[in-house]
Amino acid sequence: MTTTTLGAPTAPAPVPHKQRGPAAARARRKRVLHWIAVHSVAIAVALLFVLPFVFVFLTSVMSDSQAMSGDLWPDSWHWSNYKAVFETPGFLDWWRNSLMYAGLGTLFTVCSAIPVAYALAKFRFRGRRTAMLLVISTMMLPPQVIVIPMYLVWAQQFHLSGTLWPLIIPMAFGDAYSIFLLRQFLLTIPKEYIESAKVDGCGEFRTMIKIVVPMAKPGIAAIALFQFFYCWNDYFGPQIYAAQNPGAWTLSYGLESFKSAHSVNWNMTMAATLLVMAPVIIIFFFAQKAFVEGVTLTGVKG
Amino acid sequence: MAMTLSNPARRRLRTLGFLSPWLVGFSVFFAYPLIATVYFSFMHYNQIKEPTFVGLRNWTYVFEQMPLFGPALWNTLWLVVIMVALRVVFGLSLGLLITKIKTGAGFFRTAFYIPYLAPPVAATVAFVFLLNPGSGPVNEILGAVGISGPNWFNDPDTAKPSLVLLSLWGIGDLMVIFMAALLDVPKEQYEAAELDGAGAFAKFRYVTWPAITPIVMFAVVTGVVQTMQYYTQALVAGKVASGVNIGPGSVIQPGYPEHSTLTVPQLVYQMGFQNFNTGAACVLSLVLFAIAMAVTMLLMRKRSGLLSAED
């Protein structure tokens, strides 16, 4: 992330000698006060945003009894809580399942979204506008609207309830949100690159692989990240398909049952909570730019 | 020119080829289940015996007899109105604040954005802990300054506002969207307004607001559609706050406390997957669908940025 300055000095700049005088001093005072006011508000708000993480962490290293006491600071640091969480039966399976769901889901989504987004962004054909409208409609559709017939098909025809496959397989057939986002990104790639590739005798598919995909890397990174996090965070999907088989639970789904199993151990629950959050936050620090670009793309570059 | 470009039939085939993953996905995972949902809404079906046609009976059951439909619809609409309004106001304020920050902008942006990434289940479990009335850190701190804190997720009057707090904590996505929109407003317009003697409020009212209206509209509409599907946080908050051990076979009343966190999507799940009343569940799904579609149509009509670069 780069620091954005709106062409204004980054700090109350020293006033050049020539501009001394009561008016300049007033202006300078006003600027300093404005700087202080804005930053005080920002610090206060940032504290409110960060404190939940701090309290969750502090509780996660408390002893069992202290975690129930309402104390804010741990008397002694029980790092073994984390070890105990990992040793909880099933916890490692939930990690494996989450990684499989998120990993395969992301791979499938990216592979299927690229050609579709490319066609929607760069081909001229009849019904293109309608296709775009339909993509957006699917994006807007609450998952609960279609879940019952889908569940019946997966459970009764394919006997795949109790696994995560009913969630992973559909991602090989295009995810509306990713298609939309990638198409918005591809619109920003100038036509000339694609045309010159074709003049050089490149077929449409090769043009896509050789020219468009390398240029669209930031957009592809953004949809990959969003999809990974969507799967990682998903609760509704695993609840529908995996609930009856604890061996197929994901971290997001398992966490809540972890809480009920350890109903009094807030320290263990908070340690588990942080372990569910950790991958997402670590990935974010490595890929901030792709993220912010992706979020911006959804809202702004129409 | 290559053959593929001059031959219209081949070109059409090529387009179909590129679109094929989505065409399959759309028909199998969207069109089919949508039609099936409508079909089942007229059927009595317990997922074991063959479905039988019952006309409008599921519909009249949901609207006239189902005891939880009223509270669930009320809660969903309450959340849609309050949550979306506060999220837009708060997201815009944070976007404005972040564009005014000169020192440490990267740090503040990250701090405001990170909670958005927290998995909903984890964030909800954490909030139920932070806000728990007996020993939660928030009420401890409030107590230290002489305020006796509310019961948050354990009181029907404050359970929904607590969910709103949770959702405001994860405002990062909206903040980034608004920030980008605010940075796109041409600087010359502000300078011109300043020359005309405009103060901070006038500048916002006559320069900023007209420039960002489409984004505000976008945020409202996507917010409404998202809140119509509000599920995970409400369900998890209710379950964890109730402290019930959820083992196999245990029946808990959804929406703890007193149905105050029960939403329509939760009712769909309960009807379809716990009571095996497929017909009623499909009716509820279609109620959600109708509202979400109406809002989407509004969005298309207003051209609020979603399709504006179409040609």
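Note on naming: letters A, B, ... go to the chains in the order of the sequence lines (proteins, then strands), and numbering restarts at 1 for each one.
Side-chain contact between A:Thr138 and B:Phe26 is present, with at least one heavy-atom pair separated by less than 4.5 Å. Using a 4.5 Å heavy-atom cutoff, the side chains of A:Trp266 and B:Asn132 are in contact. Contact annotation: the side chain of A:Ser137 approaches that of B:Met293 to within less than 4.5 Å [non-hydrogen atoms, C-beta and beyond]. Two residues are said to be in side-chain contact when any heavy atoms from C-beta on lie closer than 4.5 Å; B:Val236 and A:Lys259 fail this criterion. Using a 4.5 Å heavy-atom threshold, the side chains of A:Phe258 and B:Val125 count as separate. In this structure, the side chains of A:Met140 and B:Thr222 come closer than 4.5 Å at one or more pairs of heavy atoms. A heavy-atom distance below 4.5 Å is not found between the side chains of A:Arg126 and B:Arg12. Residues A:Thr296 and B:Ile177 have side chains not in contact (no heavy-atom distance under 4.5 Å, counting atoms from C-beta outward).
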Can you check side-chain contact (heavy atoms from CB on, under 4.5 Å) on B:Val176 and A:Phe291, steps first, answer last? CA-CA 10 Å; B:Val176 170; A:Phe291 250 104; over 6 Å; no
Where do A:Gln144 and B:Tyr269 land on the side-chain contact (heavy atoms from CB on, under 4.5 Å) test, with the steps shown first? CA-CA 8 Å; A:Gln144 289 87 10; B:Tyr269 179 80; over 6 Å; no
May I have the step-by-step check of side-chain contact (heavy atoms from CB on, under 4.5 Å) for B:Thr15 and A:Arg128, ending in yes or no? CA-CA 10 Å; B:Thr15 304; A:Arg128 182 163 159 265; over 6 Å; no
Tell me, with the steps shown, if B:Leu19 and A:Leu120 meet side-chain contact (heavy atoms from CB on, under 4.5 Å). CA-CA 8 Å; B:Leu19 290 178; A:Leu120 287 174; 4.1 Å; yes
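Shown here are the ring pair (Phe, Tyr, Trp, His ring centres under 6.0 Å) partners of A:Tyr230, two or more places apart in sequence or in another chain: there are none.
Nearest approach of A:Asn233 to B:Pro120, heavy atoms of both residues: CB-CD, 3.5 Å. What you find for B:Ser285 and A:Val145 is that their closest heavy atoms are O-CG2, 3.5 Å. Contact detail for A:Val280 and B:Leu117: the closest heavy-atom pair is CG1-O, 3.3 Å. Closest approach of B:Pro137 and A:Leu72 over heavy atoms only: CB-CD2, 3.5 Å. Taking every heavy atom of both residues into account, A:Ala119 and B:Phe18 meet most closely at CB-CB, 3.7 Å. Of all heavy-atom pairs between A:Ile146 and B:Pro33, the closest is CB-CB, 3.6 Å.
Ranked by heavy-atom pairs under 4.5 Å with chain B, the list A:Gln239, A:Gln156, A:Met68, A:Met277 is led by A:Gln239. When each of A:Ile281, A:Asp175, A:Val45 is scored by its heavy-atom pairs under 4.5 Å with chain B, the top score falls to A:Val45. Taking A:Thr269, A:Val50, A:Leu275, A:Val135 one by one and counting their heavy-atom pairs under 4.5 Å with chain B, the maximum is reached by A:Val135. Between chain B and the options A:Pro143, A:Ala243, A:Ala67, the largest number of non-hydrogen pairs under 4.5 Å is found for A:Pro143. Contact count versus chain B (heavy atoms, under 4.5 Å) is highest, among A:Ala272, A:Pro52, A:Ala176, for A:Pro52. Chosen from B:Ser20, B:Ala111, B:Gly170, the residue pairing most often with chain A at heavy-atom distances under 4.5 Å is B:Ala111. Of the listed residues (B:Cys282, B:Ala123, B:Pro115), the one with the most heavy-atom contacts under 4.5 Å to chain A is B:Pro115. Most heavy-atom pairs under 4.5 Å with chain B: of the set A:Ala172, A:Ser252, A:Pro170, this distinction falls to A:Pro170. With chain A as partner, the option from B:Gly272, B:Ala219, B:Pro265, B:Ala36 having the largest number of non-hydrogen pairs under 4.5 angstrom is B:Pro265.
Both the backbone and the side chain of B:Phe289 come within contact range of chain A, each with at least one heavy atom under 4.5 Å from a heavy atom of that chain. Only the side chain of B:Tyr45 comes within contact range of chain A, with heavy atoms under 4.5 Å apart. With a threshold of 4.5 angstrom between heavy atoms, B:Ile141 approaches chain A through side-chain atoms but not through N, CA, C or O. Interface remark: B:Phe108 contributes side-chain atoms only to the contact with chain A (heavy atom separation under 4.5 Å). Interface residue B:Val28: only backbone heavy atoms are found under 4.5 Å from chain A. With a 4.5 Å cut-off on non-hydrogen atoms, A:Met171 does not touch chain B at all. If you measure heavy-atom distances from B:Asn139 to chain A, you find no contacts under 4.5 Å at all. Residue A:Ile283 does not touch chain B at all, counting heavy-atom pairs closer than 4.5 Å. Only the side chain of B:Leu235 comes within contact range of chain A, with heavy atoms under 4.5 Å apart. Interface remark: A:Leu141 contributes backbone and side-chain atoms alike to the contact with chain B (heavy atom separation under 4.5 Å). When heavy atoms are compared at a cutoff of 4.5 Å, B:Leu130 approaches chain A solely by way of its side chain, counted from C-beta outward. There is no contact between B:Tyr39 and chain A, counting heavy-atom distances below 4.5 Å. Using a 4.5 Å cut-off between heavy atoms, A:Trp73 does not touch chain B at all. Residue B:Phe90 touches chain A through its side chain alone, counting heavy-atom pairs closer than 4.5 Å. In this structure, chain A has a heavy atom under 4.5 Å from the side chain of B:Phe273, while its backbone stays farther away. Looking at B:Gln47, both its backbone and its side chain come within 4.5 Å of chain A, counting heavy atoms on both sides. Of the atoms belonging to A:Phe205, heavy atoms from both backbone and side chain fall under 4.5 Å from chain B.
Rounding to the nearest 0.5 Å places NE2 of A:His34 at 6.5 Å from NZ of B:Lys102. In this structure, CD on B:Glu140 lies 7.5 Å from OG on A:Ser69, to the nearest 0.5 angstrom.
Taking the six-membered ring for Trp and thresholds of 30 and 60 degrees, A:Phe236 and B:Tyr231 have ring planes more than 60 degrees apart, a perpendicular arrangement. Between B:Phe29 and A:Phe173, the ring-plane angle classifies as tilted under the 30° and 60° cut-offs.
With hydrogens and angles disregarded, no donor-acceptor distance shorter than 3.5 Å links the side chain of A:Thr273 to the backbone of B:Ala126.
Partner of A:Phe49 under the side chain to side chain contact (heavy atoms under 4.5 Å, CB included) criterion, out of B:Leu168, B:Ile114, B:Thr110, B:Leu94: B:Leu94 alone.
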Tell me which donor-acceptor pairs under 3.5 Å the side chains of residues 53-60 of chain A have, and how far apart each pair is, sequence neighbours excluded?
| unit_1 | atom_1 | unit_2 | atom_2 | d |
| --- | --- | --- | --- | --- |
| A:Thr59 | OG1 | A:Phe55 | O | 2.8 |
| A:Ser60 | OG | A:Phe57 | O | 2.6 |
| A:Ser60 | OG | A:Tyr82 | OH | 2.7 |

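Side-chain contact of B:Thr103 with A:Trp35: a donor-acceptor pair under 3.5 Å is present, judged by distance alone.
Both the sub-6.0 Å distance and the 45° axial angle are satisfied by B:Arg14 relative to the ring of A:Phe123.
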